[in-house]
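For clarity, every value in this text was computed on a predicted model and none was experimentally measured.
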Amino acid sequence: MSQFELLQTEERARRGRFSTVHGVVETPAFMNVATAGAIKGGVSAFDLADLKCQVQLCNTYHLHIRPGDEVIRALGGLHTFTGWKGPILTDSGGFQVFSLAKLRKITEQGVEFRSHVDGKRIFMGPEESMAIQSNLGSTIAMAFDECVENPATYDYVAKSVARTTRWLTRCKAAMEELNSRTGAINPQQLLFGINQGSTYHDLRVAHMEEIAAFDLDGYAIGGLAVGETAKEMYEVLDVVTPHMPVDKPRYLMGVGTPHNIIEAVHRGVDLFDCVMPSRNARHAHLFTWDGIINLQNAKYQLDDGPIDSHCDCPTCSRYSRAYIRHLFRAGEMLAMRLAVMHNLYFYNTLMERIRQALVEGKFAEFRKQYSVRVGTRI
RNA sequence: GGGAGUGUUCCCGAGCGGCCAAAGGGGGCAGACUGUAAAUCUGUUGUCUGACGACUACGGUGGUUCGAAUCCACCCGCUCCCA
């Protein structure tokens, strides 16, 4: 069974401890995204241990298509398969309802996708998503939802949210049934519900209250950072978080920049995930405590210092900006690996420093010092 | 020695009288990226100017023409074939 312990608060910001069968997560925490079972850029589950990673995130849709969730189940589940022994959260495939918009069709029963690999038709609804996630044996399964692109009409969002709620009922029933089956990879698989409602405050609040009644293991806020302004996103957080259960972890899905994360912690969020540190690292866009740098810029050609002089990650302790820049320009894979490791270490350290600031009652000060600074191009 | 080609902006390479500061690659310079169809995508890349525009450019020199990277002559360089 899971247990979320709220250890401390500072204004709306929270520090907590989430205990799962695969280990404890100190929150606020950033979950490292390994969509297809690996962090893109050549970073393995074993590297993650050196990067202060607490939770790995994998994707239902991608792993269902390749290699197939039945294959992973036969091999003992994601923990055995990837080598990551800590908590794993699997996204439900709901985000692909959004990102594969041109390749799908939504009905009450679920969503018909066209595989991005070979074009094959794939049907996924709440039951299918839960069954796949059960086969993957993740620690935390996410409810199957529809992530609506912003802006969206009130009418469409209202209908979509109502459907997402009905899907949640089916997700919960399916999860309970799957957990009770003998032979389940993780019979204690947790389920998080997902709040939707676009930028409509009344829909957000109403939906949050509805899903809170399901008494799930955690609650996520989805459908943000998908087209709306940062200001609108923060307003949704301001409006929704007061309606989220205090004794359950709160997860802001897919967000975001270091600045977004600090601002969301300030508004009471505990968990995050985002492809930004890994994707941007692969494009030489690196985060430092002084701001953001693009390591491909000519000005770093002769820079023999580390990416970040305040960083003690495996990359910064060994390699110069000039060398990594060269690796990028030469198309060497090592460039991506070193850059991704740095950015993930930065994100995980950011969370560690946020937690430490909360311990010391200095989060407000931390926010003031870093919230804007870490998002500035230098 | 004879014959046939060829020389284009940083590189490769299109162009065959005006719509050419010159396609397309590459390279360079910069930007984007938020539950990853993303080792991807976008912009830009002669000089000057805020812009209109002006100027300098297609091996060299001279010519034909209202107008030449494009046609002609000679020169220079490179390639291939025959002796």
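With rounding to whole Å, A/Q56 atom CD is found 16 Å from B/rG35 atom P. Put simply, CD1 on A/I140 is 18 Å from P on B/rG35, counting in whole angstrom units. The CD atom of A/Q301 sits 11 Å away from the P atom of B/rG28 (whole-angstrom rounding). A straight line from CD1 of A/I293 to P of B/rG31 spans 12 Å, rounded to a whole angstrom. Between A/R279 atom CZ and B/rG35 atom C1' the separation is 11 Å, expressed in whole Å. The CG-C1' distance, from A/L100 to B/rU36, rounds to 10 Å in whole Å. Taking atom CG of A/L252 as the reference point, atom P of B/rG35 lies 11 Å away to the nearest angstrom. The distance from atom CZ of A/F328 to atom P of B/rG31 is 14 Å, rounded to the nearest whole Å.
Here, B/rC71 and B/rC58 have their P atoms 15 Å apart, quoted to the whole Å. For the P atoms, the distance from B/rG60 to B/rC10 is 13 Å, rounded to whole Å. Distance noted for atom C1' between B/rU42 and B/rU8: 28 Å (whole Å). Taking the P atom of each, B/rA54 and B/rG2 are spaced 48 Å apart, rounded to whole Å. A gap of 15 Å separates the C1' atoms of B/rU44 and B/rA21, to the nearest Å. Distance check on atom P: B/rA30 versus B/rA39 gives 22 Å, rounded to whole Å. Distance noted for atom P between B/rU79 and B/rC72: 24 Å (whole Å). Rounded to the nearest Å, the gap between the C1' atom of B/rC33 and that of B/rU40 is 9 Å.
When the side-chain nitrogen and oxygen atoms of A/N294 are compared with OP1 and OP2 of B/rG31, one or more of them lie within a distance under 4.0 Å. Under 4.0 angstrom from either OP1 or OP2 of B/rA37 there lies no side-chain N or O belonging to A/R104. Taking 4.0 angstrom as the limit, A/Q296 places none of its side-chain polar atoms (N or O) nearer than this to OP1 or OP2 of B/rA30. Regarding contacts with the backbone of B/rU36, a side-chain N or O of A/N59 is found under 4.0 angstrom from either OP1 or OP2.
You'll find that the side chain of A/N297 is closest to B/rA30, out of B/rA37, B/rA30, B/rG35. Relative to the side chain of A/H283, the nucleotides B/rU36, B/rU40, B/rU34 differ in distance, and B/rU40 lies closest. Comparing B/rA37, B/rU36, B/rG35 by their nearest atom to the side chain of A/I194 picks out B/rG35. Listed candidates were B/rG35, B/rC29, B/rA32. Nearest to the side chain of A/A298 is B/rC29.
Side-chain contact annotation: A/T165 with A/E210, donor-acceptor N/O pair under 3.5 Å present. Using modelled atom types and a 3.5 Å distance limit, the side chains of A/H62 and A/T35 yield no donor-acceptor pair.
Within the nucleic acid shown, A/G223 comes within 4.0 Å of at least one base atom, counting heavy atoms only. A/R329 comes within 4.0 angstrom of the backbone, heavy atoms only, and of no base. Here A/D273 lies in heavy-atom contact (under 4.0 Å) with sugar-phosphate atoms only. Among the protein residues, A/H285 comes within range of the nucleic acid bases, having at least one heavy atom under 4.0 Å from a base atom. Looking at heavy-atom distances under 4.0 Å, A/R377 makes contact with sugar-phosphate atoms alone, never a base. When heavy atoms are screened at a 4.0 angstrom cut-off, A/S278 is found touching base atoms of the nucleic acid. Residue contacts for A/L103: at a heavy-atom cut-off of 4.0 Å it reaches a base atom on one of the strands shown.
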**Request:** Could you please spell out the steps behind the ring-ring contact (aromatic ring centres under 6.0 Å, His included) verdict for A/Y347 and A/F287?
**Result:** CA-CA 8 Å; A/Y347 265 65; A/F287 296 97; 5.4 Å; yes

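The partner of B/rG50, taking Watson-Crick or G-U wobble pairs whose two distances both stay under 3.5 Å, does not exist in any strand shown. Base-pair partner of B/rA68: not found among the strands shown (Watson-Crick or G-U wobble, both distances under 3.5 Å). B/rA73 is paired with B/rU61 under the criterion used here, namely a Watson-Crick or G-U wobble arrangement in which both key atom distances are under 3.5 Å. Using N1 to N3 plus N6-O4 or O6-N4 for Watson-Crick, or N1-O2 and O6-N3 for G-U wobble, each under 3.5 Å, B/rC10 pairs with B/rG26. The nucleotide B/rU79 finds its pairing partner in B/rA4, both defining distances of the Watson-Crick or G-U wobble pair being shorter than 3.5 Å.
Remark: aromatic rings of A/W289 and A/F346 are close, center separation under 6.0 Å. Between A/Y61 and A/H116, the distance from one ring center to the other falls under 6.0 angstrom. Note: A/Y200 and A/Y154 meet the aromatic proximity criterion, with ring centroids under 6.0 Å apart.
Residue whose closest nucleotide on RNA chain B sits further toward the 5' end, between A/V255 and A/H116: A/V255. Comparing A/A225 and A/M336 against RNA chain B, the residue whose closest nucleotide sits nearer the 5' end is A/A225.
In terms of polar N and O atoms assigned as donor or acceptor, the side chain of A/D145 comes within less than 3.5 Å of the base of B/rG35 in a complementary pairing. In the interface, the side chain of A/Q196 is paired with the base of B/rG35 through a donor and an acceptor atom under 3.5 Å apart. With hydrogens and angles ignored, no donor-acceptor pair closer than 3.5 Å exists between the side chain of A/S99 and the base of B/rU36.
Going from atom CG of A/D270 over to atom CG of A/L252 covers 10.5 Å, rounded to the nearest 0.5 Å.
For A/E108 and A/R166, the salt-bridge test passes: some basic side-chain N is under 4.0 Å from an acidic carboxylate O. In summary, A/E26 and A/R17 engage in a salt bridge, as defined by a charged side-chain N under 4.0 Å from a carboxylate O.
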